[in-house]
Structures are given as structure tokens and as C-alpha cells.
Amino acid sequence: MLHNDTFLRALLRQSTDYTPLWIMRQAGRYLPEYNATRARAGSFLDLCKNPDLATEVTLQPLARYPLDAAILFSDILTIPDAMGLGLYFAEGEGPKLERPLRDEWEVRNLSVPDPDTHLSYVMNAVSQIKRSLSGSVPLIGFSGSPFTLACYMVEGGGSEDFRHIKGMLYRRPDLLHQILEVTTESVILYLNAQIAAGAQAVMVFDTWGGTLSTPAYQAFSLAYLRRIAEGLTKQADGRRVPNIVFTKGGGLWLESIAEIGFDAVGLDWTIELSDAKARVGEKVALQGNMDPSVLFGSPEAIENEVERILTSYGPHPGHVFNLGHGISRFTNPEHVGILVDAVHNVSRRIHKKS
């Protein structure tokens with residue numbers, strides 16, 4: 001039995017007594033207990049691949065704050081790593097891949113990994129986290145989007161200009177489509193395996209989709225996101241499994257994103273929530289969208305911004321409060337507590353008036 005299903009009901013646009021919230025990267029470097037566990041693990045990758053430690057850090061923010069969901073602690077590049085591209089983390093530089101895809105034969109040799117074999121450590125972590133939560137709140141599974149995974153797979157890491165993947169897009173679009181075909185099938189299998197292991201909602205992070213032109217976004221990101229929405233498991237353990245898609249910088253295409261079949265659309269902070277709601281109507285729930293930098297402000301500034309955002313959406317169903325991107329490692333943990341309490345208290349007042 002799930003004791004708090006407010007998050008799942010909000011994603012399905014059902015009535016709730018308050019606005020639920022969770023925080024992107026809520027298990028992360030802003031928490032001293034996370035840093036202690038990561039030091040014990042030896043490296044970020046060792047932390048991800050150890051189900052006991054992944055469970056420990058997933059639960060840490062819930063021990064501090066009354067959040068309405070847990071999210072699996074993992075990395076979006078587990079799929080490319082399982083494809084044999086050699087994931088590693090350079091100190092201060094973020095994720096890197098040892099063998100980026102630059103030649104046609106490398107692309108043609110790419111194959112879909114079996115999530116239960118090549119990514120069994122993720123499934124073990126999902127199962128262990130689900131048991132440890134004991135039905136307190138739902139568990140979110142996740143993956144990177146096909147295009148975002150392809151960015152790392154071709155660039156070999158983060159990029160300022162994405163010249164390698166955009167060069168491929170305009171020079172050899174057939175090769176990029178081949179990569180996207182394989183990653184799309186991989187993401188569907190990966191997320192469905194997470195659901196089978198116990199995830200009660202899933203999210204697709206299209207982190208780099210917003211770097212594309214409109215025609216390129218439609219062809220190389222949106223089309224594949226639609227296929228994922230169609231292929232995801234919708235029911236498990238007798239209840240609906242909602243899904244969320246988030247394209248950072250995708251506000252220009254909000255109506256198109258809302259049409260592809262996901263239950264909820266994540267928003268960054270560049271979109272006013274009331275405008276987003278007016279644009280999508282009742283097609284999808286909305287998740288977001290406070291600027292993470294607000295958490296560097298005073299307690300009063302945090303509370304005022306929470307009030308503004310919640311008032312902007314109003315007492316309507318279908319809103320999950322979140323940041324418009326991942327929380328900064330430099331955030332004061334006490335400010336997160338102020339945020340969580342403000343969202344719960346203010347939203348209860350707004351919902352009570354309806």
C-alpha cells in the first residue's frame with residue numbers, strides 16, 4: 001500500500017489536498033550526508049553501481065524533508081556505458097565517454113543492451129529502494145532522452161557548441177537517426193525494466209533538446225520522444241504508472257510536447273506557469289518550475305517565489321512543484337527545508353479555497 005500517492009494523482013490530473021513536490025537532483029552534493037557516502041564509495045560511478053549505497057543516498061533527502069517522491073539515484077549515461085562506450089567521470093569536468101561515436105562502423109555496430117543483464121545494478125537498486133521506502137512515497141525511475149544520450153555518445157562528454165553531433169545531423173542525418181533508433185529502443189526497455197523492478201513513475205530528461213532548431217527538434221528529438229511515450233508500460237501492480245518528459249529550453253514547443261502522449265511535461269523557469277497552463281489546457285499535468293537560484297536568496301524571497309508560482313497555477317489539479325532544473329551543489333540545505341514547507345503550507349491554503 002502506498003501511504004502518500006499525492007504525487008502520482010497530481011501527474012494524472014486528479015484532485016489533491018495540496019501541491020506535491022520533489023526536487024531534481026534532490027539526492028546530491030548540497031547534502032553533507034551525500035558527500036560522506038560518496039567519499040565512502042570512492043567515486044561517483046562506484047556509488048551508482050552499488051545498490052546499497054544508491055539506496056542510501058536516494059533515501060537521504062527524504063530523511064531530512066517531507067518530500068512527496070523519491071527518485072532513483074543513478075546517472076543518465078548508464079545506457080551508453082552498457083553499450084560499451086566506457087563511461088567515466090573526470091574530476092571537475094563531469095561525465096565522459098572513452099569511445100565516442102565518430103565513424104560509421106561504430107554507429108552501425110551499436111546495439112541495444114539488455115537492461116536485466118547489462119544494467120542489473122540499476123534494477124537491483126530500484127527494487128531495494130522500493131522495499132526501503134515501505135510504501136511511504138512513490139519511487140521515480142528515469143532515463144535520458146534519445147537525443148540527449150546521443151549528444152554524449154557523439155561528443156564524448158558535455159559540450160559548449162555540440163559541433164560533432166550537429167555536424168553529423170546536417171552532414172549525415174542517416175547516422176544520427178541510426179543512433180536514435182538504437183537509443184530509443186534502449187530507453188523504452190530500460191524504463192519498462194525499472195517499472196517492473198518497482199518504479200511507480202518514470203521521467204525522461206531531454207536535457208539538450210533545447211539546443212536544436214525547431215525543425216531539428218521535431219525530427220531528432222520529439223519524434224523519438226513520442227515513440228517512447230507509446231512504448232512505456234502504463235499499468236503495474238494494479239495502478240497507473242504516470243510518465244513525465246522534460247525538455248530544458250523547450251518552452252517554444254510546449255504545445256507540441258503536450259501532444260506526444262506523456263502524462264506530464266516538465267518546465268524550466270523561463271515559462272510563466274499560468275501561461276503554460278493556458279497553452280496546454282487539460283492535455284497534461286505540469287511539473288516545475290522555480291529557478292534553482294532562488295534558493296540562494298533569503299528565506300522570505302524563497303517563500304515569496306513559492307507563493308507567486310503556486311498562485312500563478314491556482315487551485316487546479318495537475319501541478320507538481322519542482323525546480324526548473326537540478327538543484328545547485330552550493331545550495332544551503334536549510335533553504336530546501338524552507339522551500340518544502342512553503343510549498344506544502346501555501347498550496348494547502350490555495351487548494352482549501354477552491
Side-chain angles (χ1 to χ4, degrees), residues 11 24 76-77 79-80 101 104 107 110 112 142-155 158-191 202-232 234 242-273 275-289 324-325:
L11 290 179
M24 285 191 273
I76 64 168
L77 297 184
I79 288 177
L101 303 174
E104 181 165 351
V107 173
L110 207 59
V112 176
F142 73 91
S143 172
S145 72
F147 179 74
T148 292
L149 295 181
C151 284
Y152 287 101
M153 291 162 69
V154 175
E155 297 291 337
S159 177
E160 292 183 358
D161 56 12
F162 298 95
R163 64 189 177 89
H164 293 294
I165 191 164
K166 288 191 174 183
M168 181 182 288
L169 188 158
Y170 292 110
R171 186 177 64 253
R172 289 294 304 275
D174 59 313
L175 291 185
L176 182 51
H177 279 300
Q178 174 65 23
I179 295 171
L180 294 170
E181 289 285 340
V182 176
T183 53
T184 297
E185 186 177 348
S186 300
V187 168
I188 293 169
L189 290 174
Y190 184 51
L191 290 176
V202 291
M203 181 164 174
V204 179
F205 288 91
D206 187 31
T207 309
W208 300 123
T211 65
L212 293 168
S213 69
T214 294
Y217 178 74
Q218 292 172 341
F220 293 93
S221 185
L222 194 69
Y224 293 97
L225 290 170
R226 183 189 297 274
R227 283 170 50 180
I228 291 170
E230 292 168 352
L232 288 174
K234 304 299 191 297
N243 47 61
I244 313 162
V245 64
F246 173 56
T247 295
K248 186 174 183 292
L252 178 66
W253 312 305
L254 181 57
E255 292 88 345
S256 297
I257 297 170
E259 294 279 0
I260 61 175
F262 282 86
D263 295 305
V265 176
L267 306 173
D268 64 25
W269 61 91
T270 62
I271 311 171
E272 182 61 23
L273 201 53
D275 294 342
K277 186 179 179 304
R279 288 168 61 186
V280 302
E282 299 182 357
K283 290 191 180 86
V284 291
L286 295 174
Q287 178 176 277
N289 64 336
H325 195 46

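Sequential numbering from 1 along the given sequence is applied to the chain's residues.
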(request) Report yes if some heavy atom in the side chain of P146 is under 4.5 Å from a heavy atom in the side chain of I228; otherwise report no. (result) yes
(message) Going by side chain to side chain contact (heavy atoms under 4.5 Å, CB included), D206 matches just one of L225, L149, L222. Which one?
(response) L225
(request) Locate the shortest heavy-atom distance separating V280 from A258; write the atom from each residue and the value. (result) CG1-CB, 3.8 Å
(request) Using the side chain to side chain contact (heavy atoms under 4.5 Å, CB included) rule, pick out the option among L11, L232, I257 that qualifies with F262. (result) L232
(request) To the nearest 0.5 angstrom, please state how far the CG atom of L77 sits from the SG atom of C151. (result) 10.5 Å
(request) Using the side-chain contact (heavy atoms from CB on, under 4.5 Å) rule, take K277 and L286 through it: C-alpha gap first, then chi angles, then the decisive distance, then the call. (result) CA-CA 8 Å; K277 186 179 179 304; L286 295 174; 4.2 Å; yes
(request) Quick one: closest heavy-atom pair of A229 and G261, and the distance? (result) CB-C, 3.9 Å
(request) Please tell me if the side chains of F162 and L169 come closer than 4.5 Å, counting only heavy atoms from C-beta onward. (result) no
(message) When you measure from the side chain of T183 to the backbone of L180, do you find a donor-acceptor pair of N or O atoms at a distance under 3.5 Å?
(response) yes
Name each donor-acceptor pair under 3.5 Å that joins a side chain in residues 249-256 to protein atoms two or more places apart or in another chain, with its distance.
| unit_1 | atom_1 | unit_2 | atom_2 | d |
| --- | --- | --- | --- | --- |
| W253 | NE1 | T214 | OG1 | 2.9 |
| E255 | OE1 | R279 | NH2 | 2.9 |
| E255 | OE2 | R279 | NE | 2.8 |

(request) Might you point out which heavy atoms bring S143 and V187 nearest each other, and give the distance in Å? (result) OG-CG2, 3.5 Å
(request) Show your reasoning for whether side-chain contact (heavy atoms from CB on, under 4.5 Å) applies to V107 and R172. (result) CA-CA 11 Å; V107 173; R172 289 294 304 275; over 6 Å; no
(request) For the residue pair L101 and L175, establish whether any side-chain heavy-atom pair is separated by less than 4.5 Å. (result) no
(request) Might you point out which heavy atoms bring A219 and H177 nearest each other, and give the distance in Å? (result) O-CE1, 3.7 Å
(request) Check whether any side-chain heavy atom of Q287 sits under 4.5 Å from a side-chain heavy atom of F246, and report yes or no. (result) no
(request) Can you see which heavy atom on S159 is nearest to which on R163, and at what distance? (result) OG-N, 4.3 Å
(request) Say whether, by atom type as modelled, one donor and one acceptor occur between the side chain of E155 and the main chain of H164 under 3.5 angstrom. (result) yes
(request) Drop me the distance from F220's CZ to S145's OG, to the nearest 0.5 angstrom. (result) 13.5 Å
(request) For T148 and T207, indicate whether the former's side chain and the latter's backbone hold a donor-acceptor pair under 3.5 Å. (result) yes
(message) With a 6.0 Å cut-off (strictly less than), is the heavy-atom count around CD of E185, excluding the residue itself, greater than 12?
(response) no
(request) Taking the six-membered ring for Trp and the full ring for Phe, Tyr or His, determine whether the centres of F147 and Y224 are under 6.0 Å apart. (result) no
(request) Classify the side-chain pair T247/Y217 by whether it contains a donor and acceptor separated by less than 3.5 Å. (result) yes
(request) For the pair N243 (side chain) and M203 (backbone), establish whether a donor and an acceptor sit closer than 3.5 Å, ignoring hydrogens and angles. (result) no
(request) Locate the shortest heavy-atom distance separating G266 from I244; write the atom from each residue and the value. (result) N-CG2, 4.1 Å
(request) Please test K248 against F205 for side-chain contact (heavy atoms from CB on, under 4.5 Å), starting from the C-alpha separation and ending with a verdict. (result) CA-CA 8 Å; K248 186 174 183 292; F205 288 91; over 6 Å; no
(request) With rounding to the nearest 0.5 Å, note down the distance linking CZ in R227 to CD1 in I260. (result) 12.5 Å
